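Here is the naming used below: chain letters follow the sequence lines, and residue numbers restart at 1 for every chain. It should be emphasised that the depicted structure is a prediction, and the values quoted were computed from it without experimental measurement.
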Protein chains: 2
Amino acid sequence: MFRIMNVRSVPFEDATASARIRDAAIARFGAQGYDRTSVREIAADAGVSPALVIHHFGSKEALRHACDDWLATQLIGEKTRVAAPEVAATIREWLDDPERFRPYIDYFATMLADGTEGGNRLFDRLVHDTAAMLDAGVADGSMRESSDPGMRALIITVHGLAPLLLRDQLARAMGTPFASSATIRRMTRPMLELYTHGLYADSRMLDAADEALRGVAPTGSEPRSDKGPGNPNQDPDPPTHGRPDTW
Amino acid sequence: MFRIMNVRSVPFEDATASARIRDAAIARFGAQGYDRTSVREIAADAGVSPALVIHHFGSKEALRHACDDWLATQLIGEKTRVAAPEVAATIREWLDDPERFRPYIDYFATMLADGTEGGNRLFDRLVHDTAAMLDAGVADGSMRESSDPGMRALIITVHGLAPLLLRDQLARAMGTPFASSATIRRMTRPMLELYTHGLYADSRMLDAADEALRGVAPTGSEPRSDKGPGNPNQDPDPPTHGRPDTW
DNA sequence: CATGATCCTAAACACGTGTTCAATCCTTCG
DNA sequence: CGAAGGATTGAACACGTGTTTAGGATCATG
């Protein structure tokens with residue numbers, strides 16, 4: 001009724017066929033992925049013939065594009081709204097009512113993972129909004145300054161998106177459904193601890209990285225610096241911490 | 001002639017056909033995804049007939065399973081090695097030589113995203129290894145304690161995996177190829193700053209969350225607490241920060 | 001040489017896919 | 001009413017898919 005009114009989770013009888021098709025497509029694409037979804041499935045869900053799907057949207061790929069656009073509009077708003085961080089706000093709103101908005105959450109995740117054009121646009125928008133929010137936080141003194149605000153905004157955005165993309169793994173590991181109250185409650189404090197105090201007890205890692213980054217040639221294969229179990233962040237990716245030299 | 005050259009950690013010509021098929025499959029699955037890859041493509045890459053692919057592996061799905069197992073073995077080691085955090089170490093090794101190991105990096109990312117059985121196993125393993133590393137860090141005083149070590153390990157693992165899953169978006173946003181020296185160097189300091197000092201300048205968010213989590217009923221729809229631009233982490237997912245109450 | 005056994009392939013099969021097309025139904029309006 | 005025009009469909013088409021089948025090379029061994 002309020003903001004995203006047209007966004008009823010389940011298509012209604014009275015909804016136009018084209019809208020029912022779009023809703024069914026979003027649900028299927030989000031739940032099983034674009035490739036694993038057939039036009040016939042979508043048509044059946046919408047109570048319609050496969051031919052009508054093509055008639056209305058032109059092709060399966062065009063249908064996906066229409067879904068992307070529609071969801072982006074839901075997220076960003078018809079005409080770019082006044083305040084910047086609208087996308088994040090809307091997504092938070094979605095996560096408030098997971099049962100109702102799950103299809104959109106899922107579809108949004110697949111957009112990002114598939115590297116769709118619409119997904120790229122939304123990602124860039126998120127980074128932009130995040131940067132704005134961080135700037136505001138720094139301005140009012142609630143957040144720390146960064147040596148590279150743009151990069152920090154990118155990193156925080158990526159970290160924020162991560163649980164969305166790994167929601168299945170998260171739910172499995174935690175034993176509670178994703179976006180449930182229990183999951184959120186359990187994640188809140190550790191997450192805030194991380195964002196408030198950090199992980200490291202002192203700045204040794206940071207200092208070591210500074211030194212390593214200062215005078216090292218971009219190329220080259222110097223020997224690894226540290227290796228003990230006390231080393232950095234550890235996993236695949238930003239494991240930068242432990243061995244920031246060789247990268 | 002030799003198509004996927006970078007994939008072969010083993011010389012190609014003398015490699016057995018079965019190995020060539022497996023390598024080609026890993027490269028294709030990683031680059032374009034399982035569904036978008038046909039058995040015929042893999043066969044062509046391996047210089048072999050489609051029938052042989054099935055003959056050796058039984059089915060396309062079984063081939064994927066074989067790829068999963070093979071890559072898991074590469075990551076974890078034949079017989080579980082002595083030290084625990086082997087997986088993370090191997091992945092870091094891969095990221096050291098992106099050109100050579102890109103296929104494995106890509107395939108690993110799709111395993112996680114697709115929720116493959118092998119992907120799940122690797123994810124659990126990563127969480128376990130991360131937890132062990134964090135425990136060691138806490139023990140030797142280099143890392144802070146956590147109110148929920150298990151959850152922290154999960155979160156840090158997810159955050160660490162994030163850039164891997166969003167590598168395309170990352171590369172696009174940064175303008176440098178993923179896992180390149182330039183990308184790593186630019187990410188290092190902001191990442192370490194985040195992990196060393198955190199994001200928030202004080203513990204107001206944390207305190208607010210504590211208070212909210214203490215006496216609030218798991219269900220309920222109280223009014224939002226804050227809303228200003230100074231609010232938390234902002235985006236989709238662990239945006240917990242801003243409004244830890246309603247979750 | 002003959003005998004298997006192993007590796008491998010060409011050809012075909014059965015099927016699911018996205019899409020097209022001619023023909024309906026249904027509403028609207030002159 | 002009757003014509004027009006959009007919405008809708010059943011049936012088919014062309015094609016790509018994973019897989020099967022029947023057999024051909026190749027080669028070590030009796």
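Counting to the nearest Å, the P atom of D:dA7 and the CD1 atom of A:Ile21 are 11 Å from each other. Rounded to a whole Å, the CD1 atom of B:Ile54 is 16 Å from the P atom of C:dA10. Atom CD1 of B:Ile42 is separated from atom C1' of C:dT9 by 18 Å (rounded to the nearest Å). Remark: C1' of C:dG18 and CZ of A:Phe29 are 12 Å apart, rounded to the nearest angstrom. In this structure, CG of B:Leu52 is placed 14 Å from C1' of D:dT26, rounded to the nearest angstrom. Between the CZ atom of A:Arg28 and the C1' atom of C:dG18 there is a distance of 17 Å, rounded to whole Å. For the pair A:His55 NE2 and D:dT8 C1', the interatomic distance rounds to 8 Å; values are reported in whole Å. Atom CD in B:Glu61 sits roughly 12 Å away from atom P in D:dG18 (whole-Å rounding).
Listed candidates were C:dC8, D:dA7, C:dT19. Nearest to the side chain of B:Ala17 is C:dC8.
Residue contacts for B:Val53: at a heavy-atom cut-off of 4.0 Å it reaches no nucleic acid atom on any strand shown.
Judged as a ring pair (Phe, Tyr, Trp, His ring centres under 6.0 Å), the pairs with a partner in residues 26-58 of chain B (not counting sequence neighbours) are, in order, B:Phe29-B:Tyr34.
Between A:His56 and D:dG6 there is no side-chain N or O to OP1 or OP2 distance below 4.0 Å.
Scanning for side-chain contact (heavy atoms from CB on, under 4.5 Å) contacts around A:Glu41 gives A:Arg28, A:Gln32, A:Thr37, A:Ser38, with sequence neighbours left out. The side chain to side chain donor-acceptor pair (under 3.5 Å) test applied to A:Asp124 returns B:Arg172, not counting sequence neighbours. With sequence neighbours excluded, the residues forming a side-chain contact (heavy atoms from CB on, under 4.5 Å) with B:Ala173 are A:Phe123, A:Leu154, listed by chain and number. Applying the side chain to side chain donor-acceptor pair (under 3.5 Å) test to B:Asp114 and every residue at least two apart in sequence or in another chain returns B:Arg64.
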> Given the rule in the side chain to side chain contact (heavy atoms under 4.5 Å, CB included) test, do A:Glu117 and A:Asp68 qualify, once you have shown the distances and angles that lead to the verdict?
Replying inline: CA-CA 8 Å; A:Glu117 179 209 326; A:Asp68 281 10; 5.9 Å; no

>> For a quick check, with a 4.0 angstrom heavy-atom cut-off, what is the B/S/- contact string for nucleotides 10-17 of chain D, read 5' to 3'?
In response: B-B----B

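With hydrogens and angles disregarded, a donor-acceptor distance shorter than 3.5 Å links the side chain of A:Thr183 to the backbone of A:Pro177.
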